[in-house]
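Model, not experiment: these values are computed from the prediction.
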Amino acid sequence: MHPLREALHDELHARPSIHFAGPAHLHHYAMLDQAGQAEALLARIDSLAHRERDPEAVQEILEIDGMTLKWERHTEFFTLTLMVPRQPDQALWPEPPPLLEALLASHREQVISATLILVEAAHRWSGSPEAYGFRDPAGSRVADGEATVWSDFRLTPDGVNRLLLVNQSLDGFRLGRMARRLLEIETYRMMASLALPLAREMRLELDANERELDTLSVRNAERQSESSRPLLAAISELSARLEHASARSRLRFSATEAYARIVDARIEELRERKVGEHPRLGIFIQRRFRPLVRFCAAIHARQEALAESVARLNDLLRTRAQVEIEEQNAEMLKSLNERTSSQLKIQKAVEGLSIIVISYYLFSLFKLGLQSLDALGVPIVPQVAAAIIAPLGLGILAVLSWRIWRVKQH
C-alpha cells in the first residue's frame, strides 16, 4: 500500500479520546511549542515509559502506573492529558500527580491552558455545585441530558481552571469524547485569546497611523508648489510600517479566527440544555469570548482598510506626479520645437544669402570673362552678352537651388 494513501486513510482514526467509565480526574495542560520544547518533553515521556516512540506520531496514549497519559502535538502547541481514576476518599480537587509534576517541571513558562475535570458519578453527586467550591457557576445538561457540566471559570492559585462533569448515563466511549470536547473548548479558547495583547498594541499603532494618514491626505489636497518627493517619501515610510505590522499580526489573527470556529463547533456539539436559573456553559463562554474574537477581527479589518487607503493615496500622488512630469515633458518638447523652428528660419536665411553671394560671384566671373575677350580683340555687343549671361546665370542658380533642396530632403 502506498504510504501517502495509508496516512490519509488513517486520519479517520487520528487523535482518539481517552475512554473511561468511572469517576476520575483529568489533568490537562496545553503548552506553546517554542524552540523545541515539545521534543524535550517527549524525550522525557519516552524515558518514563521505557519505550521508543514513532518519530512520525502526532499523538499517543500510554498506560503508566495505573494512569492514562495522552500527548498530542498541534501546529503551535502541545497538550498533555493525564486521566487518574478517583478513589472514594480522594480529595475533590487534588494536586497534579508526581508524574505530571515531573513532566511539567521545566515547562511551566510555556503553559497556556491548565484544566482539571472532575468526573463524578450521578449517584455521588451532591446536587449542589457550590458543594464543589464553585461560586456563581454556569451549568448545562449536555449530550441530550445524559450528563451535566458545571464551572465558575475562576482560576485556582496555581492557575488551573476547574470543571465538574456529572455523568448520568454516558458509557466510557461517549464520556471520553465529552471530556475531550470540554478540554478542547478551554484549550482553543485560550489559544484564540493569544491575539488579544497584540490587538490592543495594534490598536494604539493604528490610531497613530490613521492620524498620520489624515495629515498626509490634507497635505496632498492642499499643496500648491510643494514638491511631490517629500510627500511620497512620507507615504512610502507609512506603507512600509503598515506592511511590517501586517506581517507581524496576520498569522496571529488568522489563527484566532480558526480557533474561534473550533470553539463554536465544540460548544454546539455539547447539545446544551438549561439547568435551573444558572446560565448555560456555552452562553457564558460566548458572551465573553465572542467580543474578544470580534475585537481582534475588527483590528485586523482596520489594518487592512488602512493599508488600502495608504495604497490609494500613494497611487493618487504618483499619478499627479506623473501628470506633472508629462506637463514638464510637453513644455520641453514645445521649447525644442520653437528652437528647431528658429534654427530652420536661420538656415533658410543663410541659404538665401548663400545664393545671393554665389550669384554675385558668378556674374562677376562672367563679367571678367567678357572683359578678357574684349581685351583679346573679340568685340562684345552688350545686348548679346546680356542675352547669354542672364539665362546661363539663372540656370546655374536654379541648379544650385535644386541641389540644396535635395540635400534637405535627405
Among all residues two or more places apart in sequence or in another chain, which pass the ring pair (Phe, Tyr, Trp, His ring centres under 6.0 Å) test with F20?
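F20: no ring pair (Phe, Tyr, Trp, His ring centres under 6.0 Å) contacts found.
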Sequence neighbours excluded, every pair satisfying ring pair (Phe, Tyr, Trp, His ring centres under 6.0 Å) that has a member inside residues 294-314
F253-H300
Does the pair [X]/[Y] count as a salt bridge with the N-to-O cut at 4.0 Å?
X	Y	value
E39	R73	yes
R211	D207	no
R248	E201	yes

For residues R290 and D264, determine if any side-chain heavy atom of one lies less than 4.5 Å from a side-chain heavy atom of the other.
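In short, these two side chains touch, coming nearer than 4.5 Å.
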Flag the pair V119 / R86 as yes when at least one side-chain heavy-atom distance between them is below 4.5 Å, and no otherwise.
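Not touching, per the 4.5 Å side-chain cut-off.
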Could you give the distance from CD (Q286) to CG (L281), rounded to the nearest 0.5 Å?
10.5 Å
Short side-chain donor-acceptor distance under 3.5 Å, E120 and N167:
no
Ignoring hydrogens and angles, state whether a donor on the side chain of H27 or T81 is under 3.5 Å from an acceptor on the partner side chain.
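T81 and H27 do not have a side-chain donor-acceptor pair below 3.5 Å.
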Would R261 and Y259 count as a cation-pi pair here, with the cationic atom under 6.0 angstrom from the ring centre and within 45° of the axis?
no
Listed partners of E146 passing salt bridge (Lys or Arg N to Asp or Glu O under 4.0 Å), at least two apart
R174
W93 vs F134, test: ring pair (Phe, Tyr, Trp, His ring centres under 6.0 Å). Steps then yes/no.
CA-CA 12 Å; W93 307 107; F134 294 128; 5.8 Å; yes
Heavy-atom count around R108 CZ within 6.0 Å, excluding the residue itself: above 12?
yes
